[in-house]
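This report concerns only the one structure given below.
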Amino acid sequence: MADFDTLFAAASAARQKAHAPYSRYAVGAALLADDGQVYAGCNVENASFPEGWCAETTAIGQMVVGGGRRIVRAVVVAARIDTASVAGGRFCTPCGGCRQRLAEFSGADTEVFAADPDGASQRFTMAELLPAGFVLEE
Ligand code: THU
């Protein structure tokens, strides 16, 4: 099963593909699914700003079409394109919408690492990122 380093490499490679000409904040995400595969994605922005979407969302789509259904571990790598700095000095934790999308395929113990391009990271569980999240059916 892919560890942090494998997922970090996949997320970093995906981040290189980011389409982020408007925010100039490039994000890559990699998911280890329960099928043992790693699925990755980048953010895809749009001239009509609200139509863009996050790296985690791309990766989830890749996972679903690839046949994976449960997320074991995720790594998100983000930084500004120009300076490679983490915006605001903080790691990029998934946005609210992506927390909900990740939760659809996660358990409380699913690990999410928010990392910078050098590999420094902060670890969260999904339970920490989305306490009392909405569930339609158990
Ligand atoms: N972004 C992500 O890809 N993932 C996150 O968790 C937060 C934000 C993207 C969306 C947008 O393209 C850019 O970062 C700036 O918000």
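In each ligand, atom 1 is the first atom listed, and ligand 1 is the first ligand listed. The figures that follow rest on heavy atoms only: side chains count, while hydrogens, waters and symmetry mates do not. Being a predicted model, the structure only gives us computed values, none of them experimental.
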Tell me: protein heavy atom nearest atom 9 (C) of ligand 1, and distance?
-> Asn43 ND2, 3.6 Å
Answer with yes or no whether the hydrophobic clustering places Val76 together with Phe105; edges join I, L, V, M, F, W, Y residues whose side-chain heavy atoms lie under 4.5 Å apart.
-> no
Might you work through the salt bridge (charged side-chain N to carboxylate O under 4.0 Å, His left out) test for Arg101 and Glu56, ending with a clear yes or no?
-> CA-CA 8 Å; Arg101 293 187 197 98; Glu56 296 91 324; over 6 Å; no
Hey, does Cys98 sit under 4.0 Å from ligand 1 if you only count heavy atoms?
-> no
Is it the case that one hydrophobic cluster holds both Val72 and Leu130, taking links as side-chain heavy atoms less than 4.5 Å apart, direct or via other members?
-> no
Side chains of Ser23 and Glu45: is there a donor and an acceptor less than 3.5 Å apart?
-> yes
Heavy atom of the protein closest to atom 12 (O) of ligand 1 (residue, atom name, distance) = Glu45 OE2, 2.5 Å
Does Tyr22 belong to the same Ile/Leu/Val/Met/Phe/Trp/Tyr cluster as Ile81, with side-chain heavy atoms less than 4.5 Å apart forming each link?
-> no
What protein heavy atom is closest to atom 6 (O) of ligand 1, reported as residue, atom name and distance in Å?
-> Glu56 OE2, 2.6 Å
Strictly by modelled atom types, are Thr93 and Arg99 linked by a side-chain donor-acceptor pair under 3.5 Å?
-> yes
Contact atoms of ligand 1, heavy-atom distance to Val27 under 4.0 Å = 1 (N), 2 (C), 3 (O), 4 (N), 9 (C), 14 (O)
Just jot down the ligand 1 atoms closer than 4.0 angstrom to any heavy atom of Pro94, in number order.
-> 6 (O)
Identity and distance of the protein heavy atom lying nearest atom 3 (O) of ligand 1 | Ala55 N, 2.9 Å
Of the side chain and backbone of Cys54, name the one, both, or neither that has a heavy atom under 4.0 Å from an atom of ligand 1.
-> both
At what distance is the nearest protein heavy atom to atom 16 (O) of ligand 1, and which residue and atom is it?
-> Tyr25 CD2, 4.7 Å
contact_flag Gly52 ligand 1 heavy-atom lt 4.0 Å = no
Residue pair Val77 / Ala11: nearest heavy atoms and the distance that separates them | CG2-CB, 3.6 Å
Could you check whether the rings of Phe4 and Phe113 sit parallel, tilted or perpendicular, using 30° and 60° as the cut-offs?
-> perpendicular
Atom 7 (C) of ligand 1 [closest protein heavy-atom partner, distance rounded to 0.1 Å] | Cys92 SG, 3.7 Å
Heavy atom of Ala20, distance to ligand 1 below 4.0 Å | no
Is it the side chain, the backbone, both or neither of Thr93 that has a heavy atom closer than 4.0 Å to ligand 1?
-> backbone
Please assess Asp116 against Phe91 for the test side chain to side chain contact (heavy atoms under 4.5 Å, CB included), listing each intermediate value before the final yes or no.
-> CA-CA 6 Å; Asp116 71 14; Phe91 293 115; 4.0 Å; yes
Under 4.0 Å from a heavy atom of Cys95: give me the atoms of ligand 1 that qualify, with their elements.
-> 6 (O)
Which of the atoms in ligand 1, numbered in the order shown and given with their element, are less than 4.0 Å from a heavy-atom of Ser23?
-> 13 (C), 15 (C)
Considering non-hydrogen atoms only, spot the tightest contact between Leu32 and Leu7 and give its length.
-> N-CD2, 3.6 Å
